[in-house]
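Before I ask anything, here is the structure I am working with.
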There are 2 protein chains.
Amino acid sequence: MAVTIKDIARRTGKSITTVSRALADYDDVSPATKELVRRVADEMGYTPNRLAQRLQKRRTETIGLILPTFGPRFADPFFSELLAGIGNTAASYGYDLLVSTQAPGEKELETYRQKVQGGQVDGLIVVRTRRHDKRIDYLRKADVPFAVFGRTEDALDYPFVDEDGEYGMQLMVEHLVDLGHRRIACIAPPPHLMFAHYRMLGIHKAMEKAGLALQDELLVVGDLTQRGGYQQAERLLDLSPRPSAIIACNDLMALGAMSAAQKRGLVVGRDITITGFDDIPMAEHAHPPLTTVHQPIYKIGSMVCDMLLQILSGQEPEERQVILKPKLIVRQSSGAVA
Amino acid sequence: MAVTIKDIARRTGKSITTVSRALADYDDVSPATKELVRRVADEMGYTPNRLAQRLQKRRTETIGLILPTFGPRFADPFFSELLAGIGNTAASYGYDLLVSTQAPGEKELETYRQKVQGGQVDGLIVVRTRRHDKRIDYLRKADVPFAVFGRTEDALDYPFVDEDGEYGMQLMVEHLVDLGHRRIACIAPPPHLMFAHYRMLGIHKAMEKAGLALQDELLVVGDLTQRGGYQQAERLLDLSPRPSAIIACNDLMALGAMSAAQKRGLVVGRDITITGFDDIPMAEHAHPPLTTVHQPIYKIGSMVCDMLLQILSGQEPEERQVILKPKLIVRQSSGAVA
DNA sequence: ATTGACAACCAAAACGTTTTGGGCTAGAAT
DNA sequence: ATTCTAGCCCAAAACGTTTTGGTTGTCAAT
C-alpha cells in the first residue's frame, strides 16, 4: 500500500493535521516540525493521493479534451500538434489532461455530461466546432468552464481562439487571381463544420470581388482526409475544360489532390495549381511544396488552454476572444496559368 | 452544487446505503425501492461523483499514457492514430485515458512516479521504448501494471506488443537487392530507440546475406521528422557515386528524403529508390506512392490497451507478448536500378 | 411460544486528504 | 495575580461514495 499522511503522522509523532499543514507550508507549524515532516515524507516516499485531495478540495485540476475521432484511420497531424500544445500548457500549470475519443453523434453529449457532472474535470476544451454546436449549448447551460477552438453561428459569448479563415481564403483567392486563374475549383470541408463556413465565405467573397463566381460543378465536398482529397480531385480533373486551380480547404486534402493530379501526369504548379490550408509540417516537404495558409496549431492549443486555465483560476482572461490573422505561404504548388 | 446520493436519500426517505445499493442493483433492495430510487435519481439528474467512487474503491478506472513530445512541432500522424486506438479501446471498457506530454529526460520518471503513486492511474502504457528503458525499470520495481508498445534489451518479462522490425527490414532489403540495388544507403533513427536497433539489425543481416555491407558513409542518423529526412538525404545525395537506394527508417523521413531528391530533379522510383517504414496513411498518397513496411498502428494501440485492461481485471492476458509479422508494401518509390 | 429463515433496510466505518475551530503553553503586559 | 498574545499543535468534520456488519419484522415450521 502507498504511504499516506497518516503513516507520516505516526512516524513523526505529530497529528495528521500538522503533517498536512506542514507539507502545505502553513505558518502555524514550527520550522523544526516542517523540516522533520518533510524529511520523513521524503524518506518514506510519500506522494499525496490526488483523488483524496481533489475530493476534498472540490477541484480536479484536470481539464478534459474530447477528440472527434472518425474510425480507425485517424492520422491527423493537426490533432497531434494541437494536443501537444494543450498538453504542455496544462502540464506547466500542474493540470492533468483527460482525453476521450468520441465520434461525433448521439453519444457525444453523454460523454461531455459524464466528465462534467461526474466531477472528473474542472473544465473542457472544445475543438472542431459545428455551425450549431450542441456541445457548447450544453456547456453554457450547465455553467461549466470551457474554452473553444473555433466559433459557432450562435451567440459568441464564450471564450475562444480561432483563425480568420475567411481572411485566409481571401488572401489565397487573390493570390490565384493574380496568377491569372479564372477557372478555380474548390474541395470544401463538410459544411456543418464552422471553419468550412468561414473558409468558403472567404472564397466566395474574394471571387465575387474579382468578378468571378464559384461554379457549382467546380465545388465538391471532401472528408478532410488525404484519400478524400484524392477522390474529389479526380472528379474535378475529369471535367473539361479542367479547372486551372484547385483550392483544397485543408492541407491533407490538398496533398491527396496533388497525388491525383500527378497520377495523370500533370505537373503541379505548372499544369495545375493546387493549394491547401493549415500549413502542417508536411506541406513544406511535399513535392512540390504546398502553397497554403499558415495556422499556428501548437500555439492555438496553447492559447486556448491558457484561456481555460485563467478562467478556472477565477481571473478574467486578458483576451477572451482571439481571432488570429493568418499568413499566406506561397510555395511551388501554385503557379501562373499556362 | 451537484446532486449527491445524499439528496436522493433525503428525497426518497431511504438511507444512503439503500440508495447506493439500489443504484448498484444489489439484491437486498426490493424491486419497488430500486424503481423509486432510480426514478428519483433520474429526475434529479444524478451523476455519481467518480472521484468519490474511486477513492473508496481504490481503483481509478483510468489508464495513463505519457507521450514523448519533442518541442512544439509535434505533428506525428503515428501518435494520433495510436492514441485513437488506445482511446477507443479504453473507452469501450469504461476506462478513462489520462494523457501527459513529457519530453524524454530528467523529469520524465518523476511524471511517471506522480501518476502512479498519486493514485491517478491504475496502469500505464509505455510507448517508444529505449534500448535500456528506465521507465520500465521503474514500473517493474514499483509493481505497477503496465503494457508496452515495443521491446527493450533488458529482460523481456513484461507484456508488450511489437512489430518485428528486423523481419520487416529484411523484406525491404531483399526487395531492393532483387531490384538490383547494391549501393544502398540508410537514414537510421536515433540509436537509443529500441525499434532503431531492430530495424538496423534487419538491414545489416539482410545486406550481409546478400553479400553486401552497409558502408559507413552511407549510414546517417535522422530525427524521425520529415525535415530530418530531408537534411540527411541531402548529405547522402551529395556523395559520389550516389547511392541507388535510400532506406529511411520511418515514413516521415522517407517523405523528407523524397522531397530532397525531387528538388535535385531526380525522379524517385526511377533515378533513385526511396523507402519508408510504418505505412502511415500519407505513404499511399505520396508522389510517387511510398514503398514501405506496414505497421497496423491503430490495432497495436488497441491491442496494447486490451492487454493492460486484462491485467487490470486480474486475468492473465491471452497473449502476453505479441510480435506482429509485418508486410512489405511495394509501391512506386522503389524501382530497378537504372 | 419458540426458532429459523428470509427480505428489506440502515448506521457507521472507511478511502486520504483539507479545513474548521478550537486548545495548550510560555512569556509579556497589565 | 490576572489577562493577553504568539506560537504551535490537534480532534473532528467534511468531501461523496462503498462496504461491513449488523437490525428489524414477517412468516412458516417446529
Side-chain angles (χ1 to χ4, degrees), chain A residues 1-38 40-41 44-62 94 96 114-122, chain B residues 1-38 40-41 44-62 94 96 114-122:
Chain A
M1 269 287 63
V3 11
T4 75
I5 222 173
K6 211 185 255 176
D7 300 322
I8 302 177
R10 200 171 315 129
R11 182 95 150 237
T12 54
K14 300 296 175 184
S15 75
I16 291 178
T17 309
T18 301
V19 172
S20 171
R21 298 180 78 86
L23 291 171
D25 205 22
Y26 276 67
D27 53 10
D28 62 353
V29 180
S30 76
T33 305
K34 276 186 193 172
E35 164 56 21
L36 171 68
V37 167
R38 282 203 261 255
V40 171
M44 302 181 75
Y46 170 73
T47 318
N49 182 314
R50 303 271 266 142
L51 256 47
Q53 285 184 325
R54 289 166 173 180
L55 180 59
Q56 155 68 29
K57 288 193 170 171
R58 255 141 320 193
R59 357 183 47 233
T60 64
E61 292 182 330
T62 301
D96 285 333
Q114 213 188 76
K115 302 295 167 217
V116 168
Q117 314 230 347
Q120 293 190 72
V121 300
D122 291 337
Chain B
M1 266 293 57
V3 180
T4 74
I5 224 173
K6 212 185 252 175
D7 300 320
I8 301 177
R10 201 171 311 127
R11 183 96 147 238
T12 54
K14 301 296 177 185
S15 74
I16 291 179
T17 309
T18 301
V19 172
S20 170
R21 298 180 79 85
L23 291 172
D25 206 23
Y26 276 67
D27 52 10
D28 63 353
V29 181
S30 77
T33 305
K34 276 185 192 173
E35 165 57 21
L36 171 70
V37 167
R38 282 202 261 253
V40 171
M44 303 180 76
Y46 169 73
T47 319
N49 182 313
R50 304 270 269 142
L51 256 49
Q53 286 184 324
R54 289 167 174 181
L55 178 58
Q56 156 67 31
K57 288 194 170 172
R58 255 140 316 185
R59 4 182 43 233
T60 63
E61 292 182 331
T62 301
D96 285 334
Q114 215 188 75
K115 302 297 167 213
V116 167
Q117 313 230 348
Q120 292 190 75
V121 300
D122 292 337

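Within every chain, numbering begins at 1; the chains are lettered A, B, ... in the order of the sequence lines, protein sequences first and strands thereafter.
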- Item | Closest nucleotide among D:dC9, C:dC15, D:dT18 to the B:Lys57 side chain | D:dT18
- Task: Provide, to the nearest angstrom, the distance between the NZ atom belonging to B:Lys6 and the C1' atom belonging to C:dC10.
- Result: 15 Å
- Item | Distance (rounded to the nearest 0.5 Å) between B:Leu55 CG and A:Gln56 CD | 11.0 Å
- Query: Between the side chain of A:Lys34 and the main-chain N/O of A:Tyr26, is any donor-acceptor distance below 3.5 Å?
  - Reply: yes
- Query: When rounded to the nearest 0.5 angstrom, what distance separates CZ in B:Arg10 from CD1 in B:Ile5?
  - Reply: 12.5 Å
- Rounded interatomic separation in angstrom, taking NZ from A:Lys14 and P from D:dA11: 12 Å
- Task: Calculate the interatomic distance between A:Arg54 atom CZ and D:dG16 atom C1'; express it in whole Å.
- Result: 16 Å
- Message: According to side chain to side chain contact (heavy atoms under 4.5 Å, CB included), who are the partners of A:Arg11, at least two apart in sequence or on a separate chain?
- Response: A:Val40, A:Glu43, A:Met44
- Item | Validation row: B:Arg38, B:Asp25 side chains within 4.5 angstrom (heavy atoms) | yes
- Note on the structure: Residues passing the side chain to side chain contact (heavy atoms under 4.5 Å, CB included) test with B:Thr4, sequence neighbours excluded, are B:Lys6, B:Asp7
- Picking from D:dC15, D:dG16, C:dT17, which would you name as closest to the side chain of B:Ala52? D:dG16
- Just report the end-to-end axis angle for the helix from C:dA1-D:dT30 to C:dT30-D:dA1, five pairs per end, to 10 degrees. 80°
- Would you mind telling me which of D:dC10, C:dC10, D:dT17 lies closest to the side-chain atoms of B:Thr18? C:dC10
- Looking at residues at least two apart in the chain, or sitting in another chain, which of them share a salt bridge (charged side-chain N to carboxylate O under 4.0 Å, His left out) with B:Asp27? none
- Report which part of the nucleic acid A:Ser20 touches: base, sugar-phosphate, or nothing (heavy-atom distance under 4.0 Å, all strands). base
- Item | For A:Glu61, all residues meeting side-chain hydrogen bond (donor to acceptor under 3.5 Å, both in side chains), sequence neighbours excluded | A:Arg50
- Determine the contact category for B:Ile16: base if any of its heavy atoms lies under 4.0 Å from a base atom, sugar-phosphate if only primed atoms, P, OP1 or OP2 are that close, otherwise nothing. base
- Task: Name the closest nucleotide to the A:Gln53 side chain, picking from D:dT19, D:dT17, C:dT17.
- Result: C:dT17
- Task: Could you run through nucleotides 21-28 of chain D and give me one letter per nucleotide, 5' to 3': B if any protein heavy atom sits under 4.0 Å from the base, S if only the sugar-phosphate is that close, - if neither?
- Result: --------
- Task: Check the distance between D:dC15's P and A:Asn49's CG and give it to me in whole angstrom.
- Result: 18 Å
- Choose from C:dA11, C:dA8, D:dC9 the nucleotide whose nearest atom is closest to any side-chain atom of B:Ser15. C:dA11
- Message: Rounding to an integer number of Å, can you tell me how far B:Leu55 CG sits from D:dA14 P?
- Response: 17 Å
- Task: Using the closest heavy atom to pick a nucleotide of DNA chain D for each, name whichever of B:Tyr26 or A:Gly13 lands nearer the 5' end.
- Result: A:Gly13
- Task: State, with a plain yes or no, whether a side-chain heavy atom of B:Lys14 is found less than 4.5 Å away from one of B:Arg21.
- Result: no
- Using a cut-off of less than 4.0 Å, is there contact between a side-chain N or O of B:Ser30 and OP1 or OP2 of C:dC9? yes
- Message: Determine whether a donor-acceptor pair (N or O, by modelled atom type, separation under 3.5 Å) exists between the side chain of B:Thr62 and the backbone of B:Val121.
- Response: no
- Message: With hydrogens left out and only the distance checked, is there a donor-acceptor pair under 3.5 Å joining B:Gln56's side chain and the base of D:dT18?
- Response: yes
- Note on the structure: In whole angstroms, the gap separating P of C:dC6 from CG of B:Asp27 amounts to 13 Å
- Message: I need the CZ-C1' distance between A:Arg58 and C:dT17, as an integer number of Å.
- Response: 11 Å
- When the distance from CD of A:Gln117 to P of D:dG16 is rounded to whole Å, what number comes out? 14 Å
